[in-house]
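Throughout, a chain's letter reflects where its sequence line sits, starting with A, and its residues are numbered from 1.
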Amino acid sequence: MSEENIYTFENETYRKTYWHTCSHILAQAMKRLHPEVKLAIGPSIDNGFYYDFDTPEPFSETQLAELEAEMRKICKEKLKLERFELPRDEAVKFMEEKGEPYKVELINDLPEDAVISFYKQGDFTDLCAGPHVDSTGRIKGNAIKLTACNAAYWRGDSSRQTLQRIYGVAFPKKDELDEYLQRIEEAKKRDHRKLGRELGLFMLRDEGPGFPFFLPKGMVLKNTLLDYWREVHKKYGYVEISTPIMLNRQLWERSGHWDHYKNNMYTTVIDEVDFAVKPMNCPGGMLVYASEPHSYRDLPLRVGEIGLVHRHELSGALHGLFRVRCFNQDDAHVFMTREQMQDVIQETVRLFDEVYSTFGLSYTIELSTMPEDHIGTVEEWERNQDILKAAITDMGKDFVINEGDGAFYGPKLDFHLADSLGRTWQCGTIQLDSQLPERFELEYVGEDGQKHRPVMIHRVVLGSIERFIGVITEHFAGAFPAWLSPVQVKILTVTDRANGYAGEIAAALDARGFRPETDLRNEKIGKKIREATLEKIPYMLVVGDRDIENQTVSVRTRGGEDLGAMSLEAFAALLEEEVRTRTIK
RNA sequence: GCUGAUGUGGCUCAAUGGCAGAGCAUCUCACUCGUAAUGAGAAGGUUGUGGGUUCGAUUCCCACCAUCAGCUCCA
């Protein structure tokens, strides 16, 4: 294989190495221009690289441009990257002499047996495990772009000092960099916050930060989504309940939420009793289960709830519909025997697959394990983690482990979907829980006539309905499939002589359960088409004298395709089929 | 919550220490038109909120609120 082929960006390992070297070049440029700045750490990341620096002031755009220029210079200098190792005490001394306290801390925290390696390029040396490309000349200087400078905590710990993180991207060719930047620009156009306003789906106001308002069209979308949700869940044997939005403190103490999450809960006092607005639906669900005796014959018992929950998220974390303080969870609790656990988990994953594929969404799975702050024994946790792992492994699914990120009551499988910029958002989750049944003393009567304790899963597919709407808005760039589209057909009149006919068409479509709208304005047809297209309405029916005479509608799609004149019957059949099969176009 | 940036009609964006402007949207009038923007006119603003500096603040300063990017968090 030739060298050209080894050093290809298609190869993820090489790409990461390339970016890693870029971060060292950035640090070297920084040291040349600002010798007083302390170095922290600079890895490659999924889509580029960054380096954290300790400096009192953030870097201005001008300074970033200067750094970029210096980086280009370093690339041209073709400095060899040379690796060497030092014993721990010498490594510490080396970095102390260089006046790099962060590096000293990193070295000191390395495990006893760690190999402590450095990379030297010209006059610059950095602590680094590597690997790196062999020379700074490998890096294409004019395809490097420093994209942002933002604050980040030293070692990700919010109680420690704030560093300045400089982000960058780099490619082997200038064209590829331009293409990448172009793609980011394009992606911004499908931002659900922008589309949400343009399409009249939802709004956010200063009067209620993090509390979204749904507008008429957004409400149609939401309700259509919920209709679909109910249809799927009915098929999988779920029943639906609704539990109160506020419950007393005693209940939250019993569930453990008061101890673990009080700071994120909205509370109030009613008749001198503390109440909390629910941040989760489960305690209410426990009460429903416990309200009557259950037989093993009833299990697994699948109980769904579209529950409105409130959580006091940090102001800085709010983000359109992706991160809000009040949202609807498509929650469900499945109560079962221990023997049923694997089957129920797999059945749930199949349900997830069915739902996500309806939207053409792909996901990644994370298995989150026992957090420090947990209830239940370690053995119980490990047993439950193993069950989750076995269930998805058996289905041939890949997953990554997210150590210590489980819910306080149990391990979970999280299903992440990506937004327009490739940022991933947790939507679905399956949480295995044997703690709450214990705390709420849930029981069922077994075949043996004795009382037993069930186990349960907490699960959401869409996650937060609000977040899911945000995700699919970006996924479809606002051009929802016809079955979901708030307006499915817009009837556009050529002249006002067609207004009556347009009204009849609309009424006929409405009677068949479609969602039509008319545009009877005294405007040119070109303008009406343009606006309906921008509204991303799947079908436009142009009606004029000719159509009245022939009793037809002239069909155009939002994609600009002219399907020609056809009878209303023919069009309705076409749309009906598309809606029935939930076709994605 | 932390660091930084931003906040001007419904929307997108100008401008200035001295009368706040455009396009789109809205309303009115004319045009009755066949597949991505017809023309003319009108109306619409205490420049996020509250203080301060100044003869005068939308502009400069401070605080707060919200938004944006990132960090942290996300049961």
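When only modelled atom types and interatomic distance are considered, Glu466(A) and Asn328(A) share a side-chain donor-acceptor pair under 3.5 Å.
Rounded to whole Å, the C1' atom of A63(B) lies 25 Å from the corresponding atom of C71(B). Nucleotides U16(B) and G45(B) are separated by 16 Å at their C1' atoms, to the nearest Å. Separating the C1' atom of C24(B) from that of G44(B) is a span of 14 Å, rounded to the nearest Å. The gap from the C1' atom of A14(B) to that of G23(B) amounts to 11 Å, rounded to the nearest Å. Taking atom P on both nucleotides, G48(B) is separated from A20(B) by 15 Å, rounded to a whole Å. For U26(B) and A43(B), the C1' atoms lie 9 Å apart once the distance is rounded to whole Å. Between U58(B) and C13(B), the two C1' atoms lie 16 Å apart (nearest whole Å). Look at the P atom in both C62(B) and G10(B): the space between them is 29 Å, to the nearest Å.
In the set G34(B), U67(B), A25(B), A25(B) carries the atom at the smallest distance from any side-chain atom of Glu531(A). Here C71(B) is the nucleotide among U35(B), C74(B), C71(B) with the atom lying nearest to any side-chain atom of Ala152(A). Distances were taken from every side-chain heavy atom of Arg467(A) (C-beta onward) to each of A69(B), A37(B), C74(B); the shortest belongs to C74(B). Picking from U67(B), A36(B), C73(B) the nucleotide with the shortest atom distance to the side chain of Pro209(A) gives U67(B). For Ala151(A), the listed nucleotide lying nearest its side chain is U3(B); candidates were G34(B), U67(B), U3(B).
For Lys16(A) and Asp46(A), the salt-bridge test passes: some basic side-chain N is under 4.0 Å from an acidic carboxylate O. A salt bridge links Lys188(A) with Glu185(A): the distance from a Lys NZ or Arg NE/NH1/NH2 to an Asp or Glu carboxylate oxygen falls below 4.0 Å.
Taking 4.0 angstrom as the limit, Arg155(A) places none of its side-chain polar atoms (N or O) nearer than this to OP1 or OP2 of C71(B). Side-chain N/O atoms of Lys528(A) include none lying less than 4.0 angstrom from OP1 or OP2 on U38(B).
Heavy-atom nearest nucleotides on RNA chain B were determined for Arg546(A) and for His257(A), and the one closer to the 5' end corresponds to Arg546(A).
For Tyr153(A) against G1(B), a side-chain N or O and a base N or O form a donor-acceptor pair under 3.5 Å. Counting distance only, with no hydrogens placed and no angle test, the side-chain atoms of Ser554(A) and the base atoms of G34(B) include a donor-acceptor pair under 3.5 Å. One can find a donor-acceptor pair under 3.5 Å joining the base of G34(B) and the side-chain atoms of Asp547(A).
Rounded to an integer number of Å, the gap from Leu534(A) CG to C11(B) P is 18 Å.
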